[in-house]
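I have placed the structure first, in the form of structure tokens, so that the comments after it can refer back to it.
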Amino acid sequence: MNLAELTWPRINDLSRDTPVVLPVAALEQHGHHLPVFTDSLLLGEVVRRAMPSLEKRVLLAPLQWLGSSEHHMDFPGTMSAAPRLYLDLLSNLAECFIAHGFRRIVFVNGHGGNDVPGRQSVFETRQRHRSRDDLLLLFSTYWLLGAKPYETDRTLVQRQMGHACEWETSMMLRLAPELVVGDVGELPPVEPGNAFEPAVRGWITKDRTQPGHIGFPHHATSAKGESLFRVFAQDLVAFLERVIAWDGKSWGG
Ligand SMILES: [Zn+2]
């Protein structure tokens with residue numbers, strides 16, 4: 001069910017156990033070859049592919065395209081909500097649905113920079129409603145739902161998501177090739193590197209890449225993009241089936 005298409009009385013008739021799914025993405029630089037709306041376009045497609053099998057059982061909110069992309073602000077076109085503002089934005093969105101009685105609130109994320117504020121948001125929201133024992137507040141990222149797409153498609157080189165990388169470029173070649181600029185086969189590889197692990201290093205994108213991408217977009221193909229969309233959509237369906245099946249109390253889900 002699309003929230004945007006329903007009247008308030010129809011929303012009022014819904015079971016409050018209906019999971020509310022909030023897709024959250026970004027508008028930010030994606031190198032010389034991909035459009036700034038890449039994360040929003042890709043997440044929109046993953047969600048679109050997942051929805052038919054969940055049709056009447058989840059309430060899908062419109063995709064929130066403004067993400068937290070401060071680390072990309074050196075690249076023109078990037079739009080960003082600062083992390084604290086973004087954290088509060090997500091909390092506010094969740095509070096709206098909690099105010100209307102919904103108990104299962106699920107953020108589905110499509111941008112790495114949203115991850116830390118997103119996790120903190122659901123954590124803080126839970127603390128505010130600490131007397132409740134029936135709330136399920138989840139923050140998820142579509143490529144971290146269990147997928148090992150390189151096991152399904154052996155032609156994939158990368159083992160993890162980068163930025164405007166083999167994975168994202170392949171999906172854009174599959175979804176909207178007219179928006180991909182130039183011959184991706186000629187793009188230089190940018191190694192993801194090791195950011196002083198196991199420490200966590202504060203960084204801006206310019207520390208890691210000059211062109212703006214991180215990873216191996218020169219390996220991208222449309223066929224790989226189809227494999228990635230299939231795996232990610234299946235993962236999202238399986239994850240949301242778990243949310244639907246939750247017994248309302250358990251920790252395990
Ligand atoms: Zn991206």
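Whatever order the structure lists ligands and atoms in, that order sets their numbers, starting from 1.
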Considering just N/O/S atoms, say which atom of [X] is closest to the Zn ion (ligand 1).
X	answer
H30	NE2
D39	OD1
E168	OE2

task = Determine, using ring centers only, whether H33 and H213 are less than 6.0 Å apart.
result = yes
S69 side chain to H72 backbone, donor-acceptor under 3.5 Å = no
request  = Taking all heavy atoms of S170 and all of L228, pick out the closest pair and write down the distance.
outcome  = CB-CD1, 4.1 Å
inquiry  = Ring of F196, cation from R201 - is the NZ or CZ under 6.0 Å from the centre and inside 45° of the axis?
reply    = no
